[in-house]
Amino acid sequence: VESLTVAELAKKLHREPSELVKKLFMLGTMATVNQELDKDGIELICADYGVEVEEEILIDSTDLETYFDEEQNEADQIERPSVVTIMGHVDHGKTTLLDSIRKTKVTEGEAGGITQHIGAYQVEVNDKKITFLDTPGHAAFTTMRARGAKVTDITILVVAADDGVMPQTVEAINHAKAAEVPIIIAVNKMDKPSANPDRVMQELTEHGLVPEAWGGDTIFVPVSALNGEGIDNLLEMILLVGEVEEYKANPKRRALGTVIEAELDKGRGSVATLLVQDGTLNVGDPIVVGYTFGRVRAMVNDLGRRVKSAGPSTPVEITGLNDVPQAGDRFVVFEDEKTARSIGETRAQQALQAQRGEKTRVSLDNLFEQM
Ligand code: GDP
Ligand code: MG
């Protein structure tokens, strides 16, 4: 539904329909109580009443960062692993590539298989770590970006060499550009006889991604996610970009980061996968996560192992929150539990009020749902 009648809007605003008709007349529109108002009309009246119209209530928890302003020593800033997201058109090989990287690297020196899935994992290449987010690329990326959270350092854009640039390829380029995230191109499916990497390069050049061989500065790596060819090269290129960009963090401070995934588990309660972006997260830390709070009860890493602490760029699954946060929510660790609880409770209340569309706020989506 894209509209409301004058009477319906009046009800929502707790006014008499006739009052709205009068108001519309003053604003230069002749209307009856049953007249349909479009979005612009609704906004016009709401503005006149000083009511804010919200298209969608996006709970933005980036303001949590204001609690993260303790004094810092520049010398404590050290190199941290790059956080990488894989994007690309459907069927171009994102999942296969993530699995392939995971298989070749994660299990090296690790006993047993990996059963745990926490939405992110780390691999070690040349004694350096790289963090991969394996949340469904586009959705996670857009939700998180819409909420103001920046989690990705580098985007791997997968383009199938037998298919070339497709609509979601362009979408991914636009997201990465808007977020100012460096892009590395993985030209995938090179094992196929019909692979045509030149065509991929040519098509991407039209989108401003010019390969180094043609005088540009975009890294293209031919790979086969299926047989593993080129994967080592791709990982080395990620390290190279990481070195150039010099991603740093301070492991000595209280932790700050973003929720990657969260759900309610029957046995364990609220379970959230967090990406620590700065500082070190410890078991027992008092924490506010979006609009939830608690104390970190237990932490599990990407290999399913219990850990006591997690430094910058590390994904961990935690329990101990009073409620389930949302992907893209920010988290901050506090010095004491009392402060965390008080801030967490206040925020939960604010979120609830915003969702109910209390008095001065009317959500258009909610309005339409009721019709
Ligand atoms: P996604 O939709 O981007 O996650 O793509 P998938 O990883 O699910 O791959 C789609 C299909 O392409 C699957 O059948 C894969 O087995 C196949 N595929 C992925 N990578 C390669 C590759 O490097 N070579 C070949 N021949 N097939 C591949
Ligand atoms: Mg997939």
Side-chain angles (χ1 to χ4, degrees), residues 82-107 113-123 125 130-145 151-177 179 181-204 207 209 211 218-238 260-263 273 275 302 315 327-328:
S82 303
V83 179
V84 181
T85 318
I86 298 192
M87 296 177 90
H89 195 73
V90 65
D91 284 346
H92 279 201
K94 298 179 292 294
T95 305
T96 312
L97 184 61
L98 271 166
D99 288 348
S100 164
I101 294 169
R102 184 176 199 145
K103 262 185 230 131
T104 55
K105 292 294 166 187
V106 174
T107 48
I114 307 148
T115 48
Q116 192 83 6
H117 171 87
I118 69 165
Y121 65 81
Q122 280 191 323
V123 298
V125 188
I130 304 172
T131 303
F132 285 88
L133 300 185
D134 68 357
T135 44
H138 297 247
F141 206 74
T142 41
T143 317
M144 287 186 200
R145 277 221 318 118
V151 290
T152 312
D153 297 315
I154 300 167
T155 289
I156 304 295
L157 180 63
V158 180
V159 187
D162 62 338
D163 204 24
V165 171
M166 298 302 277
Q168 284 168 298
T169 315
V170 178
E171 206 177 278
I173 294 169
N174 293 337
H175 284 315
K177 277 186 182 166
V181 173
I183 303 172
I184 295 173
I185 313 296
V187 185
N188 193 30
K189 308 201 184 184
M190 287 299 289
D191 58 284
K192 284 197 162 186
S194 54
N196 186 351
D198 277 352
R199 190 183 122 203
V200 173
M201 291 201 268
Q202 199 151 359
E203 287 172 346
L204 284 172
H207 292 276
L209 299 170
T218 304
I219 300 171
F220 282 68
V221 186
V223 300
S224 167
L226 204 64
N227 67 22
E229 183 195 326
I231 303 287
D232 283 343
N233 199 3
L234 179 65
L235 293 172
E236 269 162 35
M237 289 302 148
I238 295 170
I260 304 301
E261 290 178 348
E263 60 171 14
T273 298
L275 176 69
D302 57 332

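Every number for a ligand or one of its atoms is a count from 1 in the order of the listing.
Those atoms of ligand 1 that come under 4.0 Å of a heavy atom in Val90, given as number and element, are 2 (O). Ligand 1 places these atoms under 4.0 Å from at least one heavy atom of His89: 3 (O). The contact set between ligand 1 and Lys192, taken as ligand atoms under 4.0 Å from a residue heavy atom, comprises 26 (N).
Atom 16 (O) of ligand 1 has Leu226 CD1, 3.9 Å as its closest protein atom, hydrogens excluded (heavy atom only). For atom 5 (O) of ligand 1, the closest heavy atom belonging to the protein is Gly93 N, 3.1 Å. Protein heavy atom in closest approach to atom 2 (O) of ligand 1: Asp91 N, 2.7 Å. Counting protein heavy atoms only, atom 20 (N) of ligand 1 is closest to Asn188 ND2, 3.2 Å. The protein non-hydrogen atom at the shortest distance from atom 9 (O) of ligand 1 is Thr96 OG1, 3.5 Å. Scanning the protein for heavy atoms near atom 26 (N) of ligand 1, the closest one is Asp191 OD2, 2.8 Å.
Within the 4.5 Å cutoff, the side chain of Ile260 has heavy atoms near those of the Leu133 side chain. Residues Ile185 and Val221 have side chains not in contact (no heavy-atom distance under 4.5 Å, counting atoms from C-beta outward). The closest side-chain heavy-atom distance from Val123 to Val125 is below 4.5 Å. Side chains of Val159 and Val187 form no contact here, defined as non-hydrogen atoms less than 4.5 Å apart. Looking at heavy atoms from C-beta onward, Val223 lies out of side-chain contact with Val158 at the 4.5 angstrom threshold.
At least one N/O-N/O distance between Thr95 and ligand 1 falls below 3.5 Å. Not one N or O of Leu97 is nearer than 3.5 Å to an N or O of ligand 1, by distance alone. Among the atoms of Val223, none of the N or O lies under 3.5 angstrom from an N or O of ligand 1.
In this structure, atom 7 (O) of ligand 1 has protein heavy atoms in its sub-4.0 angstrom surroundings. Within a 4.0 Å radius of atom 13 (C) of ligand 1, the protein has no heavy atom.
Between His89 atom NE2 and Glu171 atom CD the span is 9.5 Å, to the nearest 0.5 Å. Between atom CD of residue Glu229 and atom NZ of residue Lys189 there is a gap of 14.5 Å, rounded to the nearest 0.5 Å. From Ile238, atom CD1 reaches atom CD1 of Ile184 across 5.0 Å, with rounding to the nearest 0.5 Å.
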Note to self: Assess the residue pair Asp99 and Thr96 against the criterion (side-chain hydrogen bond (donor to acceptor under 3.5 Å, both in side chains)); give the C-alpha distance rounded to whole Å, side-chain angles, the decisive distance to 0.1 Å, and a yes or no.
What the structure shows: CA-CA 5 Å; Asp99 288 348; Thr96 312; over 6 Å; no

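The Mg ion (ligand 2) has Thr95 among its coordinating residues (N/O/S atom, backbone or side chain, under 2.8 Å).
Residue contacts with ligand 1 for Met190 are absent, since no atom lies close enough (heavy atoms, distance under 4.0 Å).
With hydrogens and angles left out, the side-chain atoms of His92 and Asn188 include no donor and acceptor closer than 3.5 Å.
For atom 11 (C) of ligand 1, the nearest non-hydrogen atom from the set Lys94, His92, Lys189, Gln168 belongs to Lys189.
The side chain to side chain contact (heavy atoms under 4.5 Å, CB included) test with Thr85 is passed by exactly one of Asp153, Thr152, Leu157, Ile156: Thr152.
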